[in-house]
Number of protein chains: 2
Amino acid sequence: MADDDVVDADAALVAGQKPPSHTERLNRERVVDAALTHIDEQGLAGLSMRRLGSTLGVEAMALYRHVAGKEELLDAVVEHLMASMWRDEEITQEPVHGWQDFLQRLAHGVRRVALAHPKAFPLVASRPTEAPWLRPPLRSLDWVEVFLRGLTEEGFTDEAAVAAYRAFTSFLLGHLLLEVSLRGADVGPLDVLEPADDDASLDGFPLVRRLRPGLSEDRASVEFEESLESLLDRLTLVRTEHLER
Amino acid sequence: MADDDVVDADAALVAGQKPPSHTERLNRERVVDAALTHIDEQGLAGLSMRRLGSTLGVEAMALYRHVAGKEELLDAVVEHLMASMWRDEEITQEPVHGWQDFLQRLAHGVRRVALAHPKAFPLVASRPTEAPWLRPPLRSLDWVEVFLRGLTEEGFTDEAAVAAYRAFTSFLLGHLLLEVSLRGADVGPLDVLEPADDDASLDGFPLVRRLRPGLSEDRASVEFEESLESLLDRLTLVRTEHLER
DNA sequence: GCCCTACGTTTACAACGTAAACATCCCGCT
DNA sequence: AGCGGGATGTTTACGTTGTAAACGTAGGGC
């Protein structure tokens, strides 16, 4: 990305635009981008205005010309994350083959975002939404509109579409939060205690001890797929129930 | 609870024990309890060691004799929350009528805890578990053992019980996090702007505008019930599939 | 060429988590 | 009963945080 900046600067020069006085000027987008990569690399707790400023070669207070404060910055990161899904041509480009295909693509799109930014995704779940009837992770008006359009165009009644929104968001939140908490967890001090990890006196817990290998397996992908399939089955029922009424 | 303290002190006097020098002595339980009620009342962000100390009539540093630090205190609050479910006689007392009854009681028990402490419950979801194969909200060895025992005793194979654990935790996390974020949200400045809440230019979002009444309804309870029912149906399949194999 | 405005810096303050040294009180021992 | 020592709470202090306010400064429109 540092290379990108250099390239961009050169291109700007060739195009006859302003040569950067010292480095490229700050703007809201650069601040938000830097915040996201900082969270990706150092974790949410490692983000402070001062540190973020210094990675941008700038004093902390400079950031306040572009974001209103830390809270608003975090909201902007969330917005940026969900907005990045618009560039996902599998969702916005390809024609849709039925509502099940549509929900599959949406679900996988959100999952891609979550897995690309495991340390940042919890923000999508925990920041308050701008209206109480918006639910993470589909928390922007744009995505809710897309969601409702996708379903009502495919024969869902209004009530069924709303019910589907609720079920879909609950599903995504539960699965993705658990998955990113696995993948985003900082690998411990890399202790050699790995082999001795069944030591810690699982003596009172015979079933846990016996099933620990199974519990430790990474089944996140198939678990997601199967639960999604099951949800779609349920929504099939919801849809036809509301139609017959 | 302040009354309780007085009563306890009097009882202690009658029983011939130490009269409290000034107020009751501090101990870990009082600290954790106070932290929980502080979070319930002021929200997680409003909790600081100094403020918590002063509600206990004590200097901030006194807390460090009883908890190792703020992080450990939050972990203790989470532990306390989930441990409080043991006193739920509907879970631990009554005999179980089949695994579906068992899971229903467990689910409702966790939900009761979540709804009783909407501001604190997100901690149950966000604090790291002590092992990567433990998943919120059933994140203690005790509860996982109970869970696995309840299912294996009812004819689940080891693999099916593990699959059920994954599905059950995802379900609870998604639904309860969304529900408490509704009920725990600080009611805004109580603006009179309530009636004008469809104002904010929903013009680009016709479907959202049309379905907003439906989206605003509080369907949390029936949504929970229906999703739980659907999950139990799915687990019925999982169970018999693994048996036939 | 000059000025205004947008941008970045400096300085400052209150609040935070917590380490270290200190005071104090209570309990068990002889 | 007296005393010694460990447990408990306080004081002081340090570094870090978010951010308000005043200040410089540089660059583009007239």
Side-chain angles (χ1 to χ4, degrees), chain A residues 5 9 12-13 15-36 38-39 42-78 123 126-128, chain B residues 5 8-9 12-13 15-36 38-39 41-78 123 126-128:
Chain A
D5 284 346
L13 269 180
Q17 298 172 7
K18 66 199 175 224
S21 67
H22 174 238
T23 77
E24 194 61 39
R25 281 273 280 299
L26 219 50
N27 58 40
R28 190 175 220 267
E29 192 196 342
R30 289 216 320 143
V31 171
V32 174
D33 280 3
L36 176 54
H38 196 108
I39 293 174
Q42 321 277 344
L44 180 57
L47 178 72
S48 81
M49 299 302 270
R50 288 167 154 90
R51 278 205 274 269
L52 179 57
S54 82
T55 77
L56 285 163
V58 121
E59 235 41 50
M61 288 311 292
L63 306 173
Y64 286 79
R65 298 281 172 189
H66 306 277
V67 295
K70 198 188 188 187
E71 303 267 287
E72 206 240 23
L73 171 60
L74 295 181
D75 286 340
V77 168
V78 168
L123 279 179
S126 59
R127 292 260 95 206
Chain B
D5 283 346
D8 286 357
L13 268 181
Q17 297 174 10
K18 57 182 183 230
S21 67
H22 175 238
T23 78
E24 194 61 39
R25 281 272 281 300
L26 219 52
N27 59 41
R28 191 182 163 100
E29 192 196 344
R30 288 210 329 139
V31 171
V32 174
D33 279 3
L36 176 54
H38 196 108
I39 294 173
E41 291 164 2
Q42 322 276 346
L44 181 57
L47 179 71
S48 81
M49 299 301 269
R50 287 166 153 94
R51 277 205 273 270
L52 180 57
S54 81
T55 78
L56 285 163
V58 121
E59 240 34 55
M61 288 311 293
L63 306 174
Y64 286 80
R65 297 284 172 185
H66 307 278
V67 295
K70 198 188 189 187
E71 303 266 288
E72 206 240 24
L73 172 60
L74 295 181
D75 286 341
V77 168
V78 168
L123 280 178
S126 59
R127 293 259 96 207

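Quick caveat: nothing in here was measured; it's all calculated off a predicted structure.
- Atom CZ of B:Arg30 is separated from atom P of D:dG9 by 9 Å (rounded to the nearest Å).
- Among all heavy-atom pairs drawn from A:Ala62 and A:His66, the shortest one is O-CD2, 3.6 Å.
- A:Leu63 and A:Leu56 make their closest contact through CD2-CD1, 4.0 Å (heavy atoms, listed as atom of the first residue, atom of the second, distance).
- In this structure, CG of B:Leu52 is placed 17 Å from P of C:dA15, rounded to the nearest angstrom.
- The shortest non-hydrogen separation linking B:Leu73 to B:Val67 is CD1-CG1, 4.1 Å.
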Atom pairs, N/O to N/O, protein against nucleotides 17-19 of chain D, distance under 3.5 Å?
| from | atom 1 | to | atom 2 | distance (Å) |
| --- | --- | --- | --- | --- |
| D:dT17 | OP1 | A:Ser48 | OG | 3.4 |
| D:dT17 | OP1 | A:Arg51 | NH1 | 3.3 |
| D:dT17 | OP1 | A:Arg51 | NH2 | 3.4 |
| D:dG18 | OP1 | A:Lys70 | NZ | 2.9 |
| D:dG18 | OP2 | A:Met49 | N | 2.9 |
| D:dG18 | N7 | A:Arg50 | NH1 | 2.6 |
| D:dG18 | O6 | A:Arg50 | NH2 | 3.2 |
| D:dT19 | OP2 | A:Tyr64 | OH | 2.7 |
| D:dT19 | OP2 | A:Lys70 | N | 2.9 |
| D:dT19 | O5' | A:Tyr64 | OH | 3.4 |

Identify the pairs formed between an N or O of the protein and an N or O of nucleotides 21-24 of chain C at a distance under 3.5 Å, and give each distance.
none

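- For the pair A:Arg25 CZ and D:dT25 C1', the computed distance is 12 Å after rounding to whole Å.
- In this structure, B:Leu73 places its CG atom 15 Å from P of C:dC16, rounding to the nearest Å.
- Of all the heavy atoms in A:Ala35 and A:Leu52, the pair that sits closest is N-CD1, 3.6 Å.
- Remark: C1' of D:dA7 and CZ of B:Arg28 are 17 Å apart, rounded to the nearest angstrom.
- Applying the salt bridge (charged side-chain N to carboxylate O under 4.0 Å, His left out) rule to pairs touching residues 57-72 of chain B yields B:Arg28-B:Glu72, B:Glu71-B:Arg127, sequence neighbours excluded.
- Put simply, CG on B:Leu56 is 11 Å from P on D:dT10, counting in whole angstrom units.
- OP1 and OP2 of D:dA7 both lie 4.0 Å or more from every side-chain N or O belonging to B:His66.
- Judged by distance alone, the side chain of A:His38 and the main-chain N or O of A:Gly46 form a donor-acceptor pair under 3.5 Å.
- By the 4.5 Å heavy-atom criterion applied to side chains, B:Leu26 and B:Val58 are counted as neighbours.
- Taking 4.5 Å as the limit, some side-chain heavy atom of B:Asn27 sits within range of a side-chain heavy atom of B:Arg30.
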